[in-house]
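These notes are about the structure you will find just below.
We name chains A, B, ... by the order of the sequence lines, and we start the count at 1 in each one.
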Number of protein chains: 2
Amino acid sequence: MAQALHDAETAASFDPDEVEQITRAAWHYYNDGLTQNEIADVLGVSRIKISRLLEKGRQTGLIELRINAPHAGCLTLQKQLITAFGLVDARVVPSANNLPVVPRIGRAAASFLMQKLEPNDLLAIGWGETVATALRYAAPVFPQNNISLVSLTGGVSAYVGTTGLHGPQSNAHLIPTPLRVSSQELAQMLRVEPYVRYVLDMAATARMALVGVGVVSNAATLVRYGYCTSTELEVFARRGAVGDILGYFYDAQGEIIDFDIHRHVVAIGVEDLRRIPNRAAAAAGLQKVDAILGLLRGRLANILITDQATAEELLRRGN
Amino acid sequence: MAQALHDAETAASFDPDEVEQITRAAWHYYNDGLTQNEIADVLGVSRIKISRLLEKGRQTGLIELRINAPHAGCLTLQKQLITAFGLVDARVVPSANNLPVVPRIGRAAASFLMQKLEPNDLLAIGWGETVATALRYAAPVFPQNNISLVSLTGGVSAYVGTTGLHGPQSNAHLIPTPLRVSSQELAQMLRVEPYVRYVLDMAATARMALVGVGVVSNAATLVRYGYCTSTELEVFARRGAVGDILGYFYDAQGEIIDFDIHRHVVAIGVEDLRRIPNRAAAAAGLQKVDAILGLLRGRLANILITDQATAEELLRRGN
DNA sequence: TCATCTATTGATCATTTGAACATATTACGG
DNA sequence: CCGTAATATGTTCAAATGATCAATAGATGA
């Protein structure tokens with residue numbers, strides 16, 4: 001079910017030799033200001049190879065570009081979000097009307113993680129496209145700092161697989177089940193499976209979580225990947241659901257509504273989630289404003305990564 | 001005396017409008033992958049302007065490029081340095097034979113500072129070319145995180161002036177005297193001047209210090225800027241001096257030697273310096289190996305930022 | 001007020017760069 | 001052992017970029 005959430009175009013390489021080459025090239029290129037040709041001479045390879053090494057470095061997050069001055073307008077928005085919703089932190093990326101939202105937010109989330117995570121930290125991840133994108137950018141760096149991953153729900157292995165976070169050196173503990181299964185009984189059985197239990201317990205100890213926010217509409221990722229039908233969502237919406245987190249639907253105040261589907265979900269409980277001290281939600285888009293508002297009101301997340309337009313709308317409608 | 005340590009070519013601008021423009025441009029360029037032309041259209045300015053904004057952003061450190069995987073060979077060296085000399089941390093930049101050393105080490109030091117300093121921190125700075133370069137790169141970012149600067153010695157104002165760290169928003173407390181004055185009496189009078197006293201006391205409370213390492217040879221920066229004569233240095237060398245820190249000369253074991261000049265220096269005392277928990281020395285070059293060895297043996301610094309060749313030589317000769 | 005000087009902006013062009021294509025090399029299944 | 005596919009490397013070329021020079025606006029001082 002929904003196996004190939006993302007095609008594996010970006011399977012990152014961890015060949016130490018290549019990492020060394022990339023680093024060396026990057027150093028010369030960005031710090032020393034050499035041209036690709038000069039680096040090629042120094043390292044004794046062809047120019048195009050340098051070009052490709054640099055490209056790969058940027059893709060994988062090995063080379064990270066940090067903008068040290070928060071965009072003035074957005075800095076204000078960040079502060080406003082923090083105070084208006086009592087957040088721990090917030091990131092607002094400048095708006096860009098006709099650029100796809102997910103990669104932009106994903107990058108911002110990756111950047112946030114790289115800034116906040118400390119060596120040996122444990123990062124818990126939820127389900128969703130934005131989370132997947134963020135991981136794609138941030139994950140290659142994790143082995144360096146010995147950062148471990150743990151999933152908050154089933155169904156994430158599909159897209160973690162595309163981040164290159166496999167192999168002996170990686171440290172990813174993923175719940176090996178779908179997000180939702182067909183019956184309450186099966187879900188319960190899976191939850192008490194030793195390894196599943198183990199991962200869920202570990203997830204509850206994470207210091208930082210990154211989750212996505214689901215909307216209640218046909219466009220929901222849950223629908224697109226077959227975990228829900230549009231019909232179900234219509235019912236949920238009629239009963240007051242505005243969004244979902246980890247497969248749990250909540251109302252405008254962020255209260256989890258009692259739906260059957262919640263007992264079909266293989267995921268950490270909401271109470272446990274709330275005990276994770278840093279819960280970052282990455283989401284943007286005007287269609288998500290209601291969902292985000294509920295999320296923040298219910299303190300299901302206390303960190304928000306979004307874009308300018310969404311932030312403005314949140315502030316207009318919020319509180 | 002030695003006023004223009006560096007020409008003011010890089011006087012950074014803090015026009016908030018420009019910072020915003022740079023940020024916006026950088027975001028589109030590096031995160032969204034737009035071309036300069038496209039950004040020019042979006043922001044409504046000429047393409048060449050975007051090019052210049054980006055250039056300025058990189059120069060001033062507003063746009064920071066971080067390489068997330070330590071160079072493999074150098075990572076080893078870093079670890080070896082840390083264990084061999086009992087350091088708190090170390091940075092080793094890859095060697096590049098015919099590139100000037102100072103800017104490379106300076107950038108590495110700036111990068112180190114930006115990584116380690118936390119908002120509202122106080123950074124103490126010593127005297128020297130490398131420190132000046134590091135500041136040039138790192139300083140523009142400080143107002144953002146409300147990082148304050150304090151000088152450990154006199155004579156730094158000359159080069160801090162070139163970092164744009166002036167004006168109301170900046171927070172730089174500099175000792176308004178030369179590094180060395182002509183008599184013991186004058187030095188003593190200056191040290192008890194209220195403002196000088198105040199700055200020295202404040203410096204002693206810093207959590208992080210960045211200092212340079214002076215060699216005992218004609219090439220010493222102290223000589224070039226007129227604080228010492230070659231003749232003096234010859235005498236010092238004959239009496240066992242291998243290097244200087246903040247104007248204090250020490251022997252191969254890092255013991256401060258008792259010289260008259262030390263009483264002519266307006267600087268924090270060595271004991272107070274040693275009480276600063278993180279003392280980073282930035283220096284590279286084979287001619288500095290003896291000086292660095294002494295420095296580390298005497299624990300005058302417990303963090304070292306250097307290059308590959310120097311690190312290897314240190315390890316060969318050290319301990 | 002004018003002249004001069006400086007700083008900013010704009011245009012041109014050589015260099016640098018990445019994308020598209022072509023080729024070689026290696027891995028793999030029959 | 002061969003053929004096929006997948007991967008890596010090399011070549012060519014158009015796009016993108018930054019340096020240089022010219023022009024303009026703005027500041028400074030007599």
Side-chain angles (χ1 to χ4, degrees), chain A residues 4 6-63 65 67 96 99 103 140 161-162 164 166-167, chain B residues 4 6-63 65 67 96 99 103 140 161-162 164 166-167:
Chain A
H6 288 279
D7 46 1
E9 25 150 339
T10 329
S13 132
F14 288 102
D15 178 7
D17 279 1
E18 191 171 34
V19 171
E20 169 163 345
Q21 274 194 306
I22 291 176
T23 315
R24 228 185 175 87
W27 194 282
H28 287 312
Y29 192 71
Y30 289 107
N31 288 345
D32 298 335
L34 300 187
T35 118
Q36 295 186 353
N37 255 319
E38 294 171 304
I39 302 171
D41 290 345
V42 173
L43 301 192
V45 295
S46 72
R47 184 194 65 83
I48 194 68
K49 170 115 196 181
I50 299 295
S51 177
R52 281 168 183 151
L53 285 174
L54 291 172
E55 179 58 25
K56 195 162 190 173
R58 281 173 296 222
Q59 290 300 334
T60 58
L62 234 150
I63 299 172
L65 197 113
I67 300 175
L99 294 172
T162 69
H166 279 308
Chain B
H6 288 277
D7 45 1
E9 24 150 341
T10 329
S13 131
F14 287 103
D15 178 5
D17 279 2
E18 191 171 35
V19 171
E20 170 162 343
Q21 273 194 307
I22 292 176
T23 314
R24 227 184 177 86
W27 194 282
H28 286 313
Y29 192 71
Y30 289 105
N31 287 346
D32 298 335
L34 300 186
T35 107
Q36 295 186 352
N37 256 319
E38 294 171 303
I39 302 171
D41 290 345
V42 172
L43 301 191
V45 295
S46 72
R47 183 194 65 83
I48 194 71
K49 171 110 196 181
I50 300 294
S51 177
R52 282 169 182 151
L53 285 174
L54 292 172
E55 179 58 26
K56 194 160 190 176
R58 280 173 297 223
Q59 290 299 335
T60 56
L62 231 149
I63 300 172
L65 200 113
I67 301 176
L99 293 172
T162 70
H166 280 310

(request) Quick one: list whatever passes salt bridge (charged side-chain N to carboxylate O under 4.0 Å, His left out) with A:E55, sequence neighbours left out. (result) A:R58
(request) Using atom CD of A:E55 as one end and atom C1' of C:dA20 as the other, report the distance to the nearest whole Å. (result) 15 Å
(request) Assign a letter to each nucleotide of nucleotides 22-27 of chain D from its 5' end: B, base within under 4.0 Å of a protein heavy atom; S, sugar-phosphate only; -, no contact. (result) ------
(request) Specify the closest pair of heavy atoms between A:G57 and A:I22, including all atoms of both residues, with the distance to one decimal. (result) CA-CG2, 3.8 Å
(message) Rounded at 0.5 Å granularity, tell me how far CD1 in A:I39 sits from CZ in A:R24.
(response) 11.5 Å
(request) Figure out the CD1/C1' separation between A:I50 and D:dG10, and round it to whole Å. (result) 14 Å
(request) Mind listing the closest non-hydrogen atom pair of A:D32 and A:H28 along with its distance? (result) OD2-ND1, 3.0 Å
(request) Give the minimum heavy-atom separation between A:V45 and A:Q21, together with the two atoms involved. (result) CG1-NE2, 4.0 Å
(message) Without decimals, in angstroms, what is the distance between A:I39 CD1 and C:dG18 P?
(response) 10 Å
Between N or O atoms, less than 3.5 Å apart, protein on one side and nucleotides 14-17 of chain C on the other: list the pairs.
unit_1	atom_1	unit_2	atom_2	d
C:dT17	OP1	A:Y29	OH	2.8
C:dT17	OP2	A:T35	OG1	3.4
C:dT17	OP2	A:Q36	N	2.8

(message) So for the helix from C:dT1-D:dA30 to C:dG30-D:dC1, with five pairs setting each end axis, what is the inter-axis angle to 10°?
(response) 30°
(message) Working to the nearest 0.5 angstrom, can you tell me the gap between A:L65 CG and B:Y29 OH?
(response) 10.5 Å
Atom pairs and distances, donor-acceptor, side-chain atoms in residues 47-54 of chain B, under 3.5 Å, two or more places apart:
unit_1	atom_1	unit_2	atom_2	d
B:R47	NH1	B:Q36	OE1	3.2

Polar atom pairs between nucleotides 5-11 of chain C and protein, under 3.5 Å, N or O only, would you list them?
unit_1	atom_1	unit_2	atom_2	d
C:dT9	OP1	B:K49	NZ	3.4
C:dT9	OP2	B:K49	NZ	3.3
C:dG10	OP2	B:S46	OG	3.2
C:dG10	N7	B:R52	NH1	3.4
C:dG10	O6	B:R52	NH2	2.9

